[in-house]
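Here is the structure we will look at.
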Amino acid sequence: MIRYSCVIMLLCVTGCAESSPDPQEVIEKSRKTTAEVEKKLEAIQKSTDESKAKIEAMKQNPPDPADVK
């Protein structure tokens, strides 16, 4: 009975080891995801900066109330 239990445990351990992802593959995927997120954050920051600049320009030169509908 103990022999069968050991064989079953060995099979479980080897089965789990085979299904685990390759560490290098996980690192590569993480780097790609990080790069994509950084690009999106840069685009958001650029958009935010442009919006802030437009708001500041409007504060300096408010539109004519007759032009606003």
I need the full list of salt bridge (Lys or Arg N to Asp or Glu O under 4.0 Å) pairs touching residues 31-42, with sequence neighbours left out, sorted by first then second residue.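 Only Glu28-Arg31 qualify under salt bridge (Lys or Arg N to Asp or Glu O under 4.0 Å).
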For residues 43-58, dump all side-chain donor-acceptor pairs below 3.5 Å to protein atoms at least two apart in sequence or in another chain.
residue, atom, partner, partner atom, Å
Gln45, NE2, Asp49, OD1, 3.0
Thr48, OG1, Ile44, O, 2.8
Ser51, OG, Ser47, O, 3.1

With sequence neighbours excluded, what pairs up with Asp22 under the side-chain contact (heavy atoms from CB on, under 4.5 Å) test? Gln24, Glu25
Given a cutoff of under 4.5 Å between side-chain heavy atoms of I, L, V, M, F, W and Y, with clusters grown through shared members, what are the other residues clustered with Leu41? Val37
